[in-house]
Amino acid sequence: MTMEQTFIMIKPDGVQRGLIGEIIGRFEKKGFSLKGLKFVNVERAFAEKHYADLSSRPFFGLLVDYIISGPVVAMVWEGKNVVVTGRKLIGTTNPADSPPGTIRGDYGIHIRRNIIHGSDAVESATKEIALWFPEGPIAWESAIEPWIYE
Ligand SMILES: Nc1ncnc2c1ncn2[C@@H]1O[C@H](COP(=O)(O)OP(=O)(O)OP(=O)(O)O)[C@@H](O)[C@H]1O
């Protein structure tokens, strides 16, 4: 069975605040499967490419400054409806509108420092995974899959 994949990034504030384990734990405990993981510092040009769709927005420069301000955790997660469900685990862009129980609702306050990124559609997930993981995700099958899906 080919499963949907999404690109998830723990932003520099999430790393600095010690939320890596918490965030990975939420995706893991939900039943999603980790298919790629790297801890990296990104260069300005790379961050601009990742956020190219937002280049005309007034906050673009500060967004790029923020993303390159410290290391990030780049991940590929796999599972049924992982793009949409992953965004639900994350919450809405502004943490103030994000209910408790979501990652941004539980841990964020400021609209830019919202801890985590998740692809917003299957097509952007494919693009972002190719950008961040040109070598391709890791192919493996989790032994607990039969306990998560029927
Ligand atoms: N009005 C704003 N002011 C400042 N920063 C913003 C604003 N809107 C968005 N951002 C920042 O830019 C990022 C990308 O914005 P986008 O509209 O794609 O939101 P998102 O899809 O919820 O977030 P992401 O793409 O990071 O998952 C946001 O996560 C946030 O860090």
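Numbers for residues simply follow the sequence, beginning at 1. All values below come from the heavy atoms of this structure, side chains included, with hydrogens, waters and symmetry mates left out. Both ligands and their constituent atoms are indexed starting at 1 by order of listing.
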Sequence neighbours left out, cut at 3.5 Å: what donor-acceptor pairs do the side chains of residues 26-39 make with other protein atoms?
unit_1 : atom_1 : unit_2 : atom_2 : d
Arg26  : NE     : Glu22  : OE2    : 2.9
Arg26  : NH1    : Gly101 : O      : 3.3
Arg26  : NH1    : Asp106 : OD2    : 3.2
Arg26  : NH2    : Glu22  : OE2    : 3.3
Arg26  : NH2    : Asp106 : OD2    : 2.9
Arg26  : NH2    : Tyr107 : OH     : 3.2
Lys35  : NZ     : Glu78  : OE2    : 3.1
Lys35  : NZ     : Trp140 : O      : 2.6
Lys38  : NZ     : Trp132 : O      : 2.7
Lys38  : NZ     : Glu135 : OE2    : 3.1

Before signing off on this row, confirm whether [X] and ligand 1 have an N or O atom pair separated by under 3.5 Å.
{"X": "Thr92", "answer": "no"}
{"X": "Gly118", "answer": "yes"}
{"X": "Arg104", "answer": "yes"}

Regarding atom 26 (O) of ligand 1: of the candidates Tyr66, Tyr51, Phe60, which has the closest heavy atom? Tyr51
Close approach, [X] and ligand 1, non-hydrogen under 4.0 angstrom:
{"X": "Asp120", "value": "no"}
{"X": "Arg113", "value": "no"}
{"X": "Arg57", "value": "no"}

For Lys11, the ligand 1 atoms whose distance to one of its heavy atoms is below 4.0 Å: 26 (O), 28 (C), 29 (O), 31 (O)
Tell me the protein heavy atom at minimum distance from [atom], and give that distance in Å.
{"atom": "atom 19 (O) of ligand 1", "answer": "Thr93 OG1, 3.3 Å"}
{"atom": "atom 3 (N) of ligand 1", "answer": "Ile111 CG2, 3.7 Å"}
{"atom": "atom 2 (C) of ligand 1", "answer": "Phe59 CD2, 3.5 Å"}
{"atom": "atom 14 (C) of ligand 1", "answer": "Leu54 CD1, 3.4 Å"}
{"atom": "atom 21 (O) of ligand 1", "answer": "Arg87 NH1, 2.9 Å"}
{"atom": "atom 31 (O) of ligand 1", "answer": "Arg112 O, 2.9 Å"}
{"atom": "atom 24 (P) of ligand 1", "answer": "His117 ND1, 3.0 Å"}

Check for a donor-acceptor pair, side chain of Asn114 on one end and backbone N or O of Thr93 on the other, with a separation under 3.5 Å. yes
Any donor-acceptor N/O pair, Ser124 side chain to Ser119 backbone, under 3.5 Å: no
Taking heavy atoms and a distance under 4.0 Å, where does [X] meet ligand 1: side chain, backbone, both or neither?
{"X": "Leu63", "value": "side chain"}
{"X": "Asn114", "value": "side chain"}
{"X": "Asn94", "value": "neither"}
{"X": "His50", "value": "neither"}

Would you call [X] and [Y] a side-chain contact if the rule is heavy atoms closer than 4.5 Å?
{"X": "Ile23", "Y": "Val73", "value": "no"}
{"X": "Met9", "Y": "Glu128", "value": "no"}
{"X": "Met3", "Y": "Val82", "value": "no"}
{"X": "Ile67", "Y": "Lys11", "value": "yes"}

Against Arg104, only a single residue in Asn94, Ile111, Ile90 fulfils side-chain contact (heavy atoms from CB on, under 4.5 Å); can you say which?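 Exactly one pass, corresponding to Ile90.
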Quick check: closest heavy atoms across Val42 and Ala47, and the distance to 0.1 Å?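 Heavy atoms of Val42 and Ala47 come nearest at CG2-CB, 4.4 Å.
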Might you point out which heavy atoms bring Ser98 and Thr92 nearest each other, and give the distance in Å?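 Distance-wise, the nearest heavy atoms are OG-N, 2.8 Å.
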Leu131 atom CG, neighbour heavy-atom count above 12 within 6.0 Å: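 Count over threshold, so yes.
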Identify each donor-acceptor pair in which a side-chain atom of residues 53-65 lies under 3.5 Å from a protein atom, sequence neighbours left out, and give them as a table.
unit_1 : atom_1 : unit_2 : atom_2 : d
Ser55  : OG     : Ala52  : O      : 3.0
Asp65  : OD1    : Arg44  : NH1    : 3.1
Asp65  : OD1    : Arg44  : NH2    : 2.9

